[in-house]
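Here the structure comes first, spelled out in C-alpha cells, and everything after it is commentary.
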Amino acid sequence: MTALRVTEIFHSIQGESTWAGLPCVFVRLTGCPLRCRWCDTAYAFYGGTKMEESEILTQVASFGCSLVEVTGGEPLAQPECRSLLRRLAGERYTVLLETSGALPIHDVDARVRIILDLKCPDSGEEQSNSWQNLADLKPIDEVKFVVATRRDYEWAREVARDHDLPARHAVILSPVWGEMDPARLARWVLTDGVPFRVQVQLQKVLFGPDTRGV
Ligand code: SF4
C-alpha cells in the first residue's frame, strides 16, 4: 500500500495559476529540500500525518470538487506522489501539481497540469533549478516566477526569452507578498511589453496573508 506524509487537505480558492478563482481541493504534502528565503509554507517542512493513498482520495472526494492541486512543501520529494497524481487523474479530477522545478517531472502522469515554480536569484535557490524540466513541460503546463526584486524580474524575463516560454506556456509573475510592490512589477511588464501574467496570491487577498487551510 502507498502512504504519504500529509500536512493538510483543505478546500479553498485557487490563487496562484491560470486556474485562480476556482474552488479547489488542496493536498499539501510534507517536506521540502529547498529553503526559499521568502517561503510562506515553512510549516510544511516537517511533521505531517502519514496517510494511505486511499485515505487521501476519500478525503479529497468528500469536498465534491472537481479541481485538485497537489502542493507542498515540494510534493515530488516524496516518490509516492507520482502514484497519488496518477490515481487522482484516473478518478477524472482536473489535477494541478505545484512543484519547485528542482526535481524531475518527466515521469509525472501526462494528465496532470504542472505549475513549475522556477526559482529566481533572490529566492536563494536559483542553483536548485533543473533546466531539463523546461524541456519536459507539456503545452498544458505553466511556468511561474516568484519575484522579489528587479534583479529577479530581469532574470525571469531573460529565462522566458531564452527558452521561448510565452510561445509555449502561460508565464506567471507573482510578487513576493509584502516585499515586491505588485503595481511596480505590473509597470515593468507594461513597459517591456512582455506577455506575462502578473498575479497576486488571491488566497491571501481573500483570507489574509497568514491564514492556513482555507
Ligand atoms: S520550494 Fe516551496 S515549500 Fe520549498 S522552500 Fe521554496 S517556497 Fe517553500
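It should be emphasised that the depicted structure is a prediction, and the values quoted were computed from it without experimental measurement. When reading the values below, keep in mind they use all heavy atoms of this one structure, side chains included, and skip hydrogens, waters and symmetry mates. Both counts, for ligands and for their atoms, begin at 1 and track the order of listing.
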Checking Leu185, Val147, Leu190 against Val198 for side-chain contact (heavy atoms from CB on, under 4.5 Å), the one that qualifies is Leu185
With respect to Glu74, which candidate in Thr41, Thr30, Asp117, Leu103 satisfies the side-chain contact (heavy atoms from CB on, under 4.5 Å) definition?
Leu103
Residues that, via side-chain heavy atoms closer than 4.5 angstrom, fall in one hydrophobic cluster with Leu67:
Trp19, Leu22, Leu96, Ile115
Ring-plane angle category for Tyr153 and Trp188, please: parallel below 30°, perpendicular beyond 60°, tilted otherwise.
tilted
Applying ring pair (Phe, Tyr, Trp, His ring centres under 6.0 Å), name anything that partners Phe63, two or more places apart in sequence or on another chain.
His11
A student checking ligand 1 against Trp38 at a 4.0 Å heavy-atom cut-off should list atoms 7 (S)
Residues 163-175 side chain polar contacts: donor-acceptor under 3.5 Å, at least two apart:
| from | atom 1 | to | atom 2 | distance (Å) |
| --- | --- | --- | --- | --- |
| Arg168 | NH2 | His163 | O | 2.8 |
| His169 | ND1 | Lys138 | O | 3.3 |
| His169 | ND1 | Asp141 | O | 3.1 |

Excluding waters, which protein N, O or S atoms are within less than 2.8 Å of atom 4 (Fe) of ligand 1?
Cys32 SG
